[in-house]
Amino acid sequence: AESDFPPPAHLWNVYAIIGIGIFAGVCYATYRWRRHSAMVFGVAVIGLGLAPVLNVVPINQILAERFLYFPSLGFCLLLALAAVSLRRRWRLATTIMVALLLAAYSVRTVVGTRDWKDDLTLFTRTVALSGNNARARASLGGSLYNLGRYDDALNQYHFAVRLNPSYALGWSGLARTEGKLGHMQEALNDMQRAIDIEPESATYYHSLGLLQFQARDYMSAIGSFRTALQLRPRHLQARFNLGLALYQIGDFGGAVREFTALENKDTDFPNAYFFTAESEVRRGNADAAVEAARHFLAVHTGDDALTTRARQIVASGGTP
């Protein structure tokens, strides 16, 4: 799932020479047998299928298995044409060769499919094959983190940033894991490293804000969330968390403004109605508090402490 391909510095690189040779051979064969429409069609399928992913126009990814799904149709057609042609002269040998080839591909497909059982299996296998690849290590770290194996995830993220100190995603994952383990200063430092590498990333500023919120440094968190919104105005999670941070410092008017500006509150951010209600209670806006609490009760499905408190707000008429 992950491999490194350092770009050649010049055309005399062995891979570049082989690639040019293959391309020239395909061009010659296509010209030589141009009257064989099926062959020309097979070559065209390969060429047209690969053209969008050759990074002539950069797509920021050099290798992916899915890039070959469509071009493989042309490859299979050419292989079939070759088998039909050879079988006219060497019937038995060609039949045996095709049977062996199908068997080999079938076995490889079955074996390869096992690697895709789940994320942990896939990235454990990927690291086994590409242990010095920072993205592979970070991907394994993410899988371990999602399973709650934070110490193991931490080791993989440390490995990733040692391999590539400029890998922002590795620093971000390391920060998230350090934060989960309670190592707040290390987490903040690591997230700042990610931001230094990619200063235009709203995601990293939002993550920094979450860590600052976790450390109860609400003023710094407010600054980080606002920066995230400047970079991506429709970063809804950052807006919700900005409202929470403003609520924590007692800026209830600011909190209400942020919660009110949120989209999709009914489906994605029902708690915004709850904190709006609490903010309006503290501002002395009883009617607005009751309205927000009723809306929260209408969209919130749980029966928890928030539900109990919202009912109290409604019952009290929005008074403290």
Got more than 12 heavy atoms from elsewhere within 6.0 Å of CZ, R216?
no
Pair D152-Q156, side-chain hydrogen bond (donor to acceptor under 3.5 Å, both in side chains): steps then yes or no
CA-CA 7 Å; D152 292 334; Q156 294 300 325; over 6 Å; no
Aromatic ring pairing F275/Y247, orientation class (parallel under 30°, perpendicular over 60°, tilted between)
perpendicular
Mind checking whether F225 and F213 have parallel, tilted or perpendicular rings, split at 30° and 60°?
tilted
Donor-acceptor contact present, side-chain [X] to main-chain [Y], <3.5 Å:
| X | Y | value |
| --- | --- | --- |
| T276 | A272 | yes |
| D304 | T307 | yes |
| N133 | A136 | yes |
| S201 | E198 | no |
| R87 | V84 | no |
| K117 | R114 | no |
| T94 | R91 | no |
| N264 | T267 | no |

Answer yes when [X] and [Y] have at least one side-chain N-carboxylate O distance shorter than 4.0 Å, and no when they do not.
| X | Y | answer |
| --- | --- | --- |
| E291 | R294 | no |
| D303 | R311 | yes |
| E263 | R239 | no |

Apply side-chain hydrogen bond (donor to acceptor under 3.5 Å, both in side chains) to the pair D118 and T121, showing each step before the final yes or no.
CA-CA 5 Å; D118 52 42; T121 303; 2.8 Å; yes
Examine [X] relative to [Y] and say whether NZ or CZ is less than 6.0 Å from the centre of the six-membered ring and inside a 45° cone about the ring axis.
| X | Y | answer |
| --- | --- | --- |
| R108 | Y105 | no |
| R137 | Y157 | no |
| R32 | Y28 | no |

Rounding to 0.5 Å, atoms CE (M219) and CG (L246) come to a distance of 8.5 Å
Between the CG atom in N164 and the CD1 atom in I197, the distance rounded to the nearest 0.5 Å is 8.0 Å
Going by heavy atoms in the side chains, are N155 and L144 under 4.5 Å from each other?
no
Side chains of Q248 and L244: closer than 4.5 Å at any heavy-atom pair?
no
Between L169 and Y204, does the side chain to side chain contact (heavy atoms under 4.5 Å, CB included) criterion hold? Intermediate values first, please.
CA-CA 9 Å; L169 193 62; Y204 293 155; 3.8 Å; yes
With a 6.0 Å cut-off on the ring centroids, do H300 and F274 count as close?
no
Quick check on side chain to side chain donor-acceptor pair (under 3.5 Å): which of R232, Q237, H235 does T203 satisfy it with?
R232
For the hydrophobic clusters of this structure (ILVMFWY residues joined by side-chain heavy atoms under 4.5 Å, transitively), does one cluster hold both V26 and V40?
no
Closest non-hydrogen atom pair between [X] and [Y], with its separation:
| X | Y | value |
| --- | --- | --- |
| A289 | V281 | CB-CG2, 3.6 Å |
| S279 | A255 | OG-CB, 4.0 Å |
| A38 | L77 | O-CD2, 3.5 Å |

Trace of the side-chain hydrogen bond (donor to acceptor under 3.5 Å, both in side chains) decision for Q212 with D217
CA-CA 5 Å; Q212 292 164 335; D217 183 1; 5.2 Å; no
Is it the case that R176 and S207 place a side-chain donor and acceptor less than 3.5 Å from each other?
no
One pair to check against side chain to side chain contact (heavy atoms under 4.5 Å, CB included): F269 and L236. What are the steps and the verdict?
CA-CA 9 Å; F269 300 97; L236 302 185; 3.7 Å; yes
